[in-house]
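Report on one structure; see the data block that follows.
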Amino acid sequence: MRRIVLMCIKNILFLPWWIIQIFSYAGKNDRHTEEQRYALVKKIVLRANKSGKVTIASDGQENLPEENGFIMYPNHQGLFDVLAIIECCDKPVSVVLKKEVKDIFVLKQVFKILRAQVMDREDVRQSLGVITQVAKEVSEGRNYVIFPEGTRSRNGNNLVDFKPGSFKAAVKAKAPIVPVALLDSYKPFDSHSINPVTVQVHYLTPMYYEEYKGMKTQEISSVIKERIQKKIEECEK
């Protein structure tokens, strides 16, 4: 929370204009392209991260598929995760988020700009509807971020169980699965420090449909978790 306050204070002159733009781009009648909407969010994220003394160290951008229509599956460490990914990903991405965060002021509008999907994990029918919609959009060329852990691990760089159901969207869309390893992404917003911090984002080798075709979602989940776990262990040595 302290870092969010720091970001706001350092950008106090920009905040009114940003809020006006955010609400405008989030409107139902907005005619901006997906690239334009994403560019606005990315511009704000870049400045906010810099003013909040957060550095993003990333690699593996060359692993992102040439063609759009893929799903990233990162480990979920904290509220900062999406900001870290957006800063170092030039391809527009949207996100599947839990209903608990959908009504937070300004964030609500940012998610509208990204055309994010809200999932109610307690409503099976609604969740299946979101999976179907995401699969449809991905098959049409949109990119998504889905957190397979379902919620923040709240345990530093340690993973918790991945939910196999989160991979149903990729299977339905026959889309590339991009594992993403996040390290120290919990520190910016989930600690009380405002000291400079570096967050690592590693885009790993994608898993294409030909590779996971015929596998059960439980098997896919295990493979992706293992790859992310291996990368985290390598980085912590």
Side-chain angles (χ1 to χ4, degrees), residues 1 3-52 54 56 58 61 64-65 67-72 74 76 78-120 126 129-147 169 173 175 178 180 182 185 188-189 199 201 203:
M1 180 59 72
R3 199 177 302 270
I4 295 176
V5 173
L6 175 65
M7 290 175 171
C8 291
I9 291 174
K10 285 196 172 183
N11 291 289
I12 192 68
L13 296 178
F14 297 96
L15 280 177
W17 176 235
W18 285 353
I19 291 175
I20 290 172
Q21 284 188 300
I22 287 170
F23 274 79
S24 174
Y25 276 56
K28 291 182 179 180
N29 298 322
D30 175 62
R31 292 189 174 89
H32 293 93
T33 65
E34 183 166 32
E35 288 73 21
Q36 290 171 328
R37 296 195 306 271
Y38 187 73
L40 171 67
V41 175
K42 188 177 179 72
K43 178 180 71 174
I44 295 173
V45 165
L46 284 166
R47 188 170 185 91
N49 289 352
K50 183 178 180 180
S51 61
V54 182
I56 308 299
S58 66
Q61 285 89 343
L64 296 177
E67 299 293 329
N68 287 322
F70 57 83
I71 303 179
M72 296 184 194
H76 196 6
L79 296 172
F80 188 79
D81 296 349
V82 175
L83 277 68
I85 291 171
I86 287 177
E87 171 163 336
C88 58
C89 180
D90 292 331
K91 289 177 174 285
V93 294
S94 189
V95 62
V96 175
L97 57 109
K98 59 184 181 180
K99 68 173 185 176
E100 288 81 1
V101 299
K102 72 179 181 67
D103 291 324
I104 298 176
F105 179 68
V106 177
L107 277 183
K108 176 180 180 179
Q109 282 67 39
V110 171
F111 289 137
K112 284 185 177 180
I113 292 174
L114 296 176
R115 303 299 192 261
Q117 294 289 331
V118 179
M119 180 176 286
D120 182 352
Q126 191 272 350
V130 169
I131 289 171
T132 300
Q133 180 62 30
V134 169
K136 178 178 181 295
E137 293 183 20
V138 171
S139 65
E140 293 172 350
R142 296 197 74 215
N143 308 316
Y144 266 89
V145 174
I146 297 177
F147 294 101
V178 183
V180 182
L182 300 177
S185 188
F189 291 167
V199 173
V201 181
Y203 299 103

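All values below were derived from every heavy atom in this structure, side-chain atoms included, with hydrogens, water molecules and symmetry-related copies excluded.
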Minimum heavy-atom separation for [X] to [Y], with atom names?
X    : Y    : value
A175 : G69  : CB-O, 3.5 Å
C89  : Y38  : O-OH, 2.7 Å
A135 : A169 : CB-O, 3.5 Å
V118 : Q126 : O-NE2, 2.8 Å
I22  : I113 : O-CD1, 3.5 Å
R142 : S94  : NH2-CB, 3.6 Å

Next item on the list: Could I get the full list of ring pair (Phe, Tyr, Trp, His ring centres under 6.0 Å) partners for Y203, not counting sequence neighbours?
Entry: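 Testing Y203 for ring pair (Phe, Tyr, Trp, His ring centres under 6.0 Å), a comparison that skips the adjacent residues, returns none.
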Next item on the list: Check ring pair (Phe, Tyr, Trp, His ring centres under 6.0 Å) between Y25 and all other residues, then give those that pass, not counting sequence neighbours.
Entry: H32
Next item on the list: List the steps, then state whether side-chain contact (heavy atoms from CB on, under 4.5 Å) holds for N143 with V138.
Entry: CA-CA 6 Å; N143 308 316; V138 171; over 6 Å; no
Next item on the list: Count the heavy atoms belonging to other residues, nucleotides or ligands that lie under 6.0 Å from CD of E35, then report whether that count exceeds 12.
Entry: yes
Please answer whether the main-chain N or O of [Y] pairs with a side-chain N or O of [X] as donor and acceptor at a distance below 3.5 Å.
X   : Y   : value
N11 : C8  : no
K42 : I86 : yes
S24 : I20 : no

Point-to-point distance, once rounded to the nearest 0.5 Å, from [atom1] of [X] to [atom2] of [Y]:
X    : Y    : atom1 : atom2 : result
K98  : D120 : NZ    : CG    : 12.0 Å
R3   : F80  : CZ    : CZ    : 8.0 Å
Q117 : T132 : CD    : OG1   : 10.5 Å
F147 : M119 : CZ    : CE    : 13.0 Å
D30  : R115 : CG    : CZ    : 5.5 Å

Check: Taking atom types as modelled, is there a side-chain donor on E87 or N49 under 3.5 Å from an acceptor on the other?
Finding: yes
Next item on the list: I would like to know whether V82 and V145 meet side-chain contact (heavy atoms from CB on, under 4.5 Å); could you show each step before the answer?
Entry: CA-CA 8 Å; V82 175; V145 174; 5.5 Å; no
Next item on the list: Tell me, with the steps shown, if M72 and L64 meet side-chain contact (heavy atoms from CB on, under 4.5 Å).
Entry: CA-CA 9 Å; M72 296 184 194; L64 296 177; 3.9 Å; yes
Checklist line | Contact check, side chains of F14 and Q21, non-hydrogen atoms, under 4.5 Å | finding: no
Note to self: A side-chain contact here means heavy atoms from C-beta on lying under 4.5 Å apart; do P74 and I85 qualify?
What the structure shows: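 Heavy-atom side-chain distance check passes, below 4.5 Å.
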Checklist line | Residue pair K91, F70: steps toward the side-chain contact (heavy atoms from CB on, under 4.5 Å) verdict | finding: CA-CA 10 Å; K91 289 177 174 285; F70 57 83; 3.7 Å; yes
